[in-house]
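What's counted below: heavy atoms across the whole structure, side chains too, no hydrogens, waters or symmetry copies. As the structure lists them, so they are numbered: ligands from 1, and atoms in each ligand from 1. If you read the sequence from its start, that first residue is 1, and numbering goes on from there. Predicted model, so just to flag it, every value in this text is computed and none were measured.
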Amino acid sequence: MQIRIVDDYASLSQAAAAEIAAQLRAKPGTVLGLPTGNTPIGMYQQAAAMGLDFSQAATFNLDEYLGLTQSHPESYHSFMLKHLWSKINLPVEGRNIPNCEAPDAEAECARYEAALTAAGGMDLLFLGLGTNGHIAFNEPGTPWDRRTHVTDLAESTLVANAAPFGGPENVPKQALTMGIGTIMEARRIVVLASGKAKAPVLKAIFEGPATPDVPATILQNHPDVTFIVDRDAASLLQQA
Ligand code: GLP
């Protein structure tokens, strides 16, 4: 695992967008894996402002709430439309996200895995970190061999994601998520973390054992993963 510690969120966003730019230059038909959450918003803003050519690319989102319509303002589909898809030249058929309106959620998970395989797998996957150590919506305790699946959200996630829903009781209780098995097959992974709230998880990843209790610690076993983190997120690391 490699780590780049940058000064602040603006630098993190710039460095992450530069990774997208370099990847698209090297391989115009790149398959990107993409996260939602507050952390990647700056990266998306920067990438959109750079006027990059996504015309041959495809994006696959990590996860989506179950129980919302795609057009619900807090769906991850709406998030992607607002922060990236509407601002770049990625064709509609290149936009992939688990469909929260599918009548059979399990069948949708199988379809999503098959679509990712048919696209050739992810060349570059960006990940955020949950404060409880989750990656995508793989909550603590999730077995490491899972593929895309339906999951129950942890109480800690309902609380962490409550603000835009006006309280934890309004957050959807389930989600569709790539599994850790799916995530670990990405050829390259870049993890973004900003702020002191992520410092304990980063410490667990870099200084603790690999354990399903902290899903992100699986990244210790990936051959090509780079962390781009700001000083606050790195503040508990011995090497920082
Ligand atoms: C959500 C998403 C994760 C994301 C995490 C962190 O729960 N499912 O993919 O990494 O939040 O979000 P934030 O970047 O807002 O801290």
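Side-chain contact check for H134 and T157: at least one donor-acceptor pair (N or O, by modelled atom type) lies under 3.5 Å. No donor-acceptor contact under 3.5 angstrom links the side chains of D123 and Q23, judged on distance only. Using a 3.5 Å distance cut-off with no hydrogens or angles, the side chains of S11 and D8 do pair a donor with an acceptor. Of the N and O atoms on the side chains of N96 and N61, not one donor lies less than 3.5 Å from an acceptor on the other residue. A side-chain donor from one of T182 and E113 sits under 3.5 Å from a side-chain acceptor of the other. Q46 and S13 share no side-chain donor-acceptor pair at under 3.5 Å.
Proximity of P35 to ligand 1 is not established, as no heavy-atom distance is less than 4.0 Å.
Contacts between Y65 and ligand 1 below 4.0 angstrom, taking non-hydrogen atoms only, are absent altogether.
Shown in contact with G128 at under 4.0 Å from a heavy atom are these atoms of ligand 1, numbered in order with element: 10 (O). For ligand 1, the atoms closer than 4.0 angstrom to any heavy atom of T39 are 13 (P), 14 (O), 16 (O). Heavy-atom contacts of H134 reach the following atoms of ligand 1: 1 (C), 3 (C), 5 (C), 7 (O), 11 (O) (cutoff under 4.0 Å).
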Step by step, would you call E74 with F79 a side-chain contact (heavy atoms from CB on, under 4.5 Å)? CA-CA 7 Å; E74 294 308 324; F79 175 102; over 6 Å; no
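Of all protein heavy atoms, the one lying nearest to atom 6 (C) of ligand 1 is L129 O, 3.5 Å. Considering only non-hydrogen protein atoms, atom 8 (N) of ligand 1 sits nearest to D63 OD2, 2.8 Å. For atom 16 (O) of ligand 1, the closest non-hydrogen atom on the protein side is K198 NZ, 2.6 Å. Considering only non-hydrogen protein atoms, atom 12 (O) of ligand 1 sits nearest to G37 CA, 3.9 Å. In terms of protein heavy-atom proximity, atom 2 (C) of ligand 1 is closest to Y76 OH, 3.7 Å. Considering only non-hydrogen protein atoms, atom 3 (C) of ligand 1 sits nearest to A136 O, 3.7 Å.
Each of L34, T36, L81 was evaluated against Y76; a single residue qualifies, T36, per the side chain to side chain contact (heavy atoms under 4.5 Å, CB included) test.
Nearest to atom 13 (P) of ligand 1 by heavy atom, out of L34, N38, I41, N161, is N38.
Considering backbone and side-chain atoms together, T36 places no N or O closer than 3.5 Å to any N or O of ligand 1.
In this structure, Q2 places its CD atom where only 12 or fewer heavy-atom neighbours from other residues, nucleotides or ligands lie under 6.0 Å away.
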